[in-house]
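These notes are about the structure you will find just below.
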There are 2 protein chains.
Amino acid sequence: MILRVSTKGEYGVRLMVDLARHYYSSRPRSLTDIAQAEQLSLAYLEQLVKLLREAEPPLVASTRGAHGGYRLSRPPEEITMGEIVRVLEGPIAPMICATEGEMTQICSLLDSCKTKFLWARVRDAVAQTLDSITLADLVGASEQETQNAPTHFISISDIRVAPSSAL
Amino acid sequence: MILRVSTKGEYGVRLMVDLARHYYSSRPRSLTDIAQAEQLSLAYLEQLVKLLREAEPPLVASTRGAHGGYRLSRPPEEITMGEIVRVLEGPIAPMICATEGEMTQICSLLDSCKTKFLWARVRDAVAQTLDSITLADLVGASEQETQNAPTHFISISDIRVAPSSAL
DNA sequence: AATATATCCTAGTGAGCAGGTCGGATTAAG
DNA sequence: CTTAATCCGACCTGCTCACTAGGATATATT
C-alpha cells in the first residue's frame, strides 16, 4: 500500500473537523465529547491532540480544568489539511531520500536516481492536494450558519454527503 | 508517513526501469545482473519479479535455464507506473474504506464521512500521477538511441540526471 | 551426459512499529 | 473539596516488512 493513512492521520483529521464545526461556540470542546461523538478512545486522542498543540505554529489551543477543552488556534479557513497531516504523520516523503524540499542527494546507483523523480512527482501531487484543502472546505459552507449554537447536538439526520465535485 | 513506498515498490520499479533500458537487447536480462547493477538481493528480487510475472496482464515474461532471464512483456511506452505500483504495493487506497473505485459505503459516524472525500482526493491525485508516467518516460528519450547494443555495459559517466521538468 | 546457469517455489524469522492501554499528576470551575 | 478536564510517560501486544534459506526445475554449453 503506497498511500497509507494511519489512524493518527485519520482520527486526527476527524478531531480537527470536529473542532472546526465547534469553532464558533463560546466554550472550548472537551476531548471526552469528541471521543464520544466520533467513537474514538479518549486516551488515544490525548496523544494526537498533544501533537497538534505542540506543533509550530500550534493548530489547537487548550484550556485546562473543568469546562476546559480545545479550540482551533486559527479560523478553519486558515488551516490546511497539509498542515494537519504533516503534524500527525510526519513530512510527506515516500521514502528516505525523497523528503520534501531536499532532493540534493546524488546517489551512485544506476536506475535509482531516475526513479527518485517519479517519487518526487507523486509526493508533490499529494502535497499540493492536501495544501489546497482547508478545514473550512471539509466542514462545508452550510455549517457556518449554525454558528454560536450553544452545545449543539447532532442527530443522524444531520449527516450530509457532499457530492465529490464540491471538493 | 502518509506516503509510504515500501522496498517492494522501490526495488520493483528500479527492476522494471532496468528491464526497460535493456528492452531492445537481443537477450533476456538475468536477475543476477540486475541485482548486481542495482545492488539488491537476488533472492528478494525473485519474489518481486514473481508478482510482475503473475500479474494480469503480465508485466514481464521469463525464459528459464542458462542464458535465461526476463524481458518486458510490452514496450516501455505501454507500461505505466500505475500498473507497476499497483501490482507491487496493492491497490492505491489510503485506508480500508477508500479503495479505488468503491466509495459506496455510507458510514454512520459524524465527521468521518466528510473526511473520506479528502482521502479520495489524495488517492486520485496519486493514481493520476502514476498513471500518466510510463516506463519510457523514466528511461528517457536519449537512451532509445542505444538500441540493439549487445551486452551493453554502463559506466558511472553514463548516469544522467534529468531535469524534473522532463517528467 | 554432465555441468553451469538460470528461473521457480515455499517457509521461516527477526526487528520494528502501529495502535493502542494504564496510571497518575496537574489545573481550574462550582 | 469534589469534579472535570488537560497533561505526561511508560508499557504492551500483535502485525507487517524485509528479507534469508534451501531446495526443485528447466535449458544452454561443453
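In the text below, chain A, chain B and the rest are named by the order of the sequence lines, each starting its count at 1. Only this structure's heavy atoms are used, side chains among them; waters, hydrogens and symmetry mates stay out.
- In the set C/dG20, D/dA18, C/dT21, the nucleotide with an atom closest to the side chain of B/Thr7 is D/dA18.
- Here the P atom of nucleotide D/dC19 and the CG atom of B/Leu31 are 16 Å apart, to the nearest Å.
- Under 3.5 Å, the side chain of A/Arg64 and the base of C/dT26 form at least one donor-acceptor pair of N or O atoms.
- Electrostatic pairing of A/Arg27 and A/Asp33 does not count as a salt bridge here, judged by no charged N lying under 4.0 Å from a carboxylate O.
- Between A/Ser41 and C/dT21 there is a side-chain N or O to OP1 or OP2 distance below 4.0 Å.
- Side-chain atoms of B/Ser6 lie closest to D/dA18 of the nucleotides D/dA18, C/dC8, D/dT20.
- If you measure from atom CD of B/Glu46 to atom C1' of D/dA24, you get 12 Å, rounded to the nearest angstrom.
- Put simply, OH on A/Tyr44 is 18 Å from P on D/dG9, counting in whole angstrom units.
- Per the geometry, CZ belonging to B/Arg71 stands 15 Å off P belonging to C/dA6, to the nearest Å.
- With rounding to whole Å, B/Arg27 atom CZ is found 17 Å from D/dT27 atom P.
- If you measure from atom CG of B/Leu48 to atom P of C/dC9, you get 15 Å, rounded to the nearest angstrom.
- Residues satisfying the side-chain hydrogen bond (donor to acceptor under 3.5 Å, both in side chains) criterion with A/Ser73, sequence neighbours excluded, are absent altogether.
- A donor-acceptor contact under 3.5 angstrom links the side chains of A/Thr7 and A/Tyr44, judged on distance only.
- In this structure, A/Asp33 places its CG atom 7 Å from P of D/dA5, rounding to the nearest Å.
- As rounded to whole Å, 14 Å separates atom P of C/dG16 from atom CZ of B/Arg4.
- Less than 4.0 Å separates DNA chain D from at least one heavy atom of each of the following residues of residues 49-60 of chain A: A/Lys50, A/Arg53, A/Glu54.
- Side-chain contact, A/Glu89 with A/Ser6: a donor N or O sits under 3.5 Å from an acceptor N or O.
- Residue order along DNA chain C, read from the 5' end via each residue's closest nucleotide, puts B/Gly68 first among B/Ala43 and B/Gly68.
- Note: B/Gln128 CD to B/Ile92 CD1 = 11.5 Å, rounded to the nearest 0.5 Å.
- For A/Arg64 (side chain) and A/Gly69 (main-chain N/O), no donor-acceptor pair under 3.5 Å exists by modelled atom type.
- Taking for each of B/Ser62 and A/Tyr11 the nucleotide of DNA chain C with the nearest heavy atom, the 5'-most of the two is the partner of B/Ser62.
- When distances run from any side-chain atom of B/Ala66 to the nucleotides C/dA6, D/dT6, C/dT5, the shortest one goes to C/dT5.
- With sequence neighbours excluded, no residue satisfies side-chain hydrogen bond (donor to acceptor under 3.5 Å, both in side chains) with B/Thr63.
- Of the candidate nucleotides D/dT29, D/dT6, C/dT7, D/dT29 has the atom lying nearest to any side-chain atom of B/His67.
- Put simply, the side chain of A/Gln47 and the base of C/dT21 share a donor and an acceptor less than 3.5 Å apart.
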